[in-house]
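What follows is a set of notes on a single structure, which appears directly below.
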Amino acid sequence: MSQDRSHRGPVQRRREISDHVLSEGSASAADLAERFGVSPMTIYRDIDELEREGILRKFRGGVTAQPSGVFESNVAFRKKTMRAEKEALAARAATLIEPGMSVLIDDSTTVLELARLLPRFEPLTVVTNFREAINLLAEERGIQLMALGGDYDPLHDSFLGVPCVEAVEALRVDLCFVSVSSVYGDHAFHQEQRIVAVKRAMLAAAGRSVLLIDHSKLGRTALHRLTPLSTFDLVLVDGRTPPDDLRSLDERGVRYDVAPIPDPPSRRPR
């Protein structure tokens with residue numbers, strides 16, 4: 001049933017469109033026009049603006065929040081995906097941390113799950129460019145938090161650009177945790193050059209580096225090559241990774257570990 005929302009202004013309507021698409025993953029222009037009670041022409045103008053802002057991506061006849069080889073999903077959408085896998089990866093990564101360490105974390109939603117666990121290891125020095133991680137850890141008295149500045153990017157909710165890269169290059173940390181959009185062959189990839197520049201600086205600034213990657217990203221393509229998997233001291237994959245992908249990692253000599261995913265409580269044996 002259509003909803004008469006045509007009286008609402010374009011800013012509010014576009015916010016509601018983005019919320020709807022981020023929740024559903026994608027939507028057709030015809031469905032959006034009916035849902036918001038406006039003409040197809042108005043909806044296409046809204047879609048054009050949301051794509052220009054980097055929130056959503058157009059496809060023929062509609063709009064999507066799903067990533068592509070050249071488009072990274074909005075952080076709000078990524079936070080909702082692969083939750084169990086990300087939590088498992090974070091739990092395994094946390095076993096590598098000891099109190100007193102300096103830890104560098106990137107702006108990925110996978111590593112954000114690890115950030116939630118960091119107060120367990122106080123005292124700890126944590127360095128990040130991810131605004132949500134900064135807000136999450138700012139009140140933790142046992143964590144010395146170092147926020148990396150730069151150009152704020154709302155799509156990733158993080159700080160990027162030359163100032164961020166230079167800030168990272170001035171540091172030397174014990175451990176670095178990152179994730180990427182794609183692992184293809186024996187390399188890690190990402191869609192955006194500015195993200196690649198920051199992640200490369202982070203890896204170079206760390207004594208040891210760990211890649212956290214859920215199984216949906218294995219075999220996926222993205223535009224920019226970040227680094228060979230051999231760069232990482234450890235690659236963590238989740239327990240739902242297909243055997244063929246694990247076999248491929250073995251054949252390429254990648255140092256990896258599998259993070260088990262606990263069964264939901266209702267599925268555990270009595």
Side-chain angles (χ1 to χ4, degrees), residues 22 54 72-161 163-181 188 190 192 194-214 217 226 232 236 259:
L22 290 171
E72 171 68 301
S73 297
N74 185 288
V75 65
F77 178 77
R78 288 184 283 122
K79 283 166 59 177
K80 299 176 182 178
T81 63
M82 295 288 175
R83 291 299 305 274
E85 289 83 352
K86 291 173 180 177
E87 289 171 1
L89 291 168
R92 176 63 183 87
T95 64
L96 304 173
I97 301 172
E98 298 178 3
M101 280 185 167
S102 55
V103 177
L104 177 58
I105 59 176
D106 72 356
D107 60 355
S108 64
T109 56
T110 303
V111 177
L112 179 62
E113 294 304 318
L114 174 61
R116 303 185 196 283
L117 307 179
L118 295 181
R120 301 179 184 179
F121 303 100
E122 300 175 356
L124 204 64
T125 298
V126 180
V127 185
T128 186
N129 65 327
F130 196 2
R131 190 181 69 158
E132 184 154 349
I134 293 168
N135 293 338
L136 179 68
L137 300 172
E139 301 300 322
E140 295 293 334
R141 299 184 63 181
I143 288 182
Q144 180 184 351
L145 182 61
M146 298 181 64
L148 298 167
D151 301 320
Y152 178 68
D153 185 315
L155 174 64
H156 301 91
D157 195 22
S158 64
F159 299 90
L160 303 170
C164 183
V165 170
E166 291 180 344
V168 175
E169 290 175 341
L171 301 173
R172 185 67 179 170
V173 299
D174 296 316
L175 264 174
C176 173
F177 296 95
V178 304
S179 187
V180 293
S181 304
H190 198 278
E192 298 181 51
R194 55 188 172 170
I195 297 288
V196 168
V198 171
K199 290 184 190 289
R200 282 179 178 168
M202 288 180 167
L203 297 177
R208 289 187 293 154
S209 61
V210 181
L211 176 67
L212 284 66
I213 193 86
D214 73 69
K217 298 173 180 178
L226 170 64
F232 299 96
L236 293 179

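The first residue in the sequence is number 1, and the count goes up from there.
Residues L112 and F130 have side chains in contact (heavy-atom distance under 4.5 Å, counting atoms from C-beta outward). By the 4.5 Å heavy-atom criterion applied to side chains, D157 and Y152 are counted as neighbours. A 4.5 Å side-chain heavy-atom check between L89 and E113 finds every atom pair outside the cut-off. Using a 4.5 Å cut-off on side-chain heavy atoms (C-beta onward), L175 and V210 make contact. A heavy-atom distance below 4.5 Å is not found between the side chains of I143 and T125. For the pair M202 and L148, the minimum side-chain heavy-atom distance is below 4.5 Å. Counting only heavy atoms from C-beta outward, the side chains of V165 and E169 approach each other to under 4.5 Å. Residues L203 and V178 form a side-chain contact, since some pair of their non-hydrogen atoms from C-beta on lies under 4.5 Å apart.
The backbone N or O of T109 sits nowhere less than 3.5 Å from a side-chain atom of K86 that would complete a donor-acceptor pair. In this structure, the side chain of T128 engages the main chain of I105 through a donor-acceptor pair within 3.5 Å. With N129 contributing its side chain and F159 its backbone, the two residues share a donor-acceptor pair below 3.5 Å. Put simply, the side chain of R208 never gets that close to the backbone of C176: no donor and acceptor are under 3.5 Å apart. Within the 3.5 Å criterion, the main-chain N or O of G207 finds no donor-acceptor partner in the side chain of D174.
Interatomic distance, CG of L136 versus CD of E140, reported as 7.5 Å (0.5 Å rounding). To the nearest 0.5 Å, atom NZ of residue K199 and atom CG of residue L211 are 9.0 Å apart. Rounding to the nearest 0.5 angstrom, the gap separating the CD atom in E85 from the CD1 atom in I213 is 12.0 Å. Rounding to the nearest 0.5 angstrom, the gap separating the CZ atom in R131 from the CG atom in D153 is 11.5 Å. Atoms OG and CG, from S102 and L171 in turn, are 9.0 Å apart once rounded to the nearest 0.5 Å. Between K217 atom NZ and M82 atom CE the span is 9.0 Å, to the nearest 0.5 Å.
We find that E122 and R141 are not joined by a salt bridge, their nearest charged nitrogen and carboxylate oxygen being 4.0 Å or further apart.
In terms of heavy atoms, M101 sits closest to L124 at O-CD1, 3.4 Å. Taking all atoms of both residues into account, the shortest heavy-atom contact from S209 to F232 is OG-CA, 3.6 Å. S179 and T110 get closest at one heavy-atom pair: OG-OG1, 3.7 Å. Across all non-hydrogen atoms, the minimal contact from I134 to A147 is CD1-CB, 3.6 Å.
Atom CZ of R116 sits in a crowded spot, with more than 12 heavy atoms from other residues, nucleotides or ligands closer than 6.0 Å. The 12-atom threshold is not exceeded at CD of Q144, counting heavy atoms of other residues, nucleotides or ligands nearer than 6.0 Å. Annotation: M146, atom CE; neighbour count of heavy atoms from other residues, nucleotides and ligands within 6.0 Å does not exceed 12.
With sequence neighbours excluded, the residues that form a side chain to side chain donor-acceptor pair (under 3.5 Å) with S158 are D107.
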request  = Kindly indicate, with the supporting measurements, whether the criterion side-chain contact (heavy atoms from CB on, under 4.5 Å) is fulfilled by F177 and D106.
outcome  = CA-CA 7 Å; F177 296 95; D106 72 356; over 6 Å; no
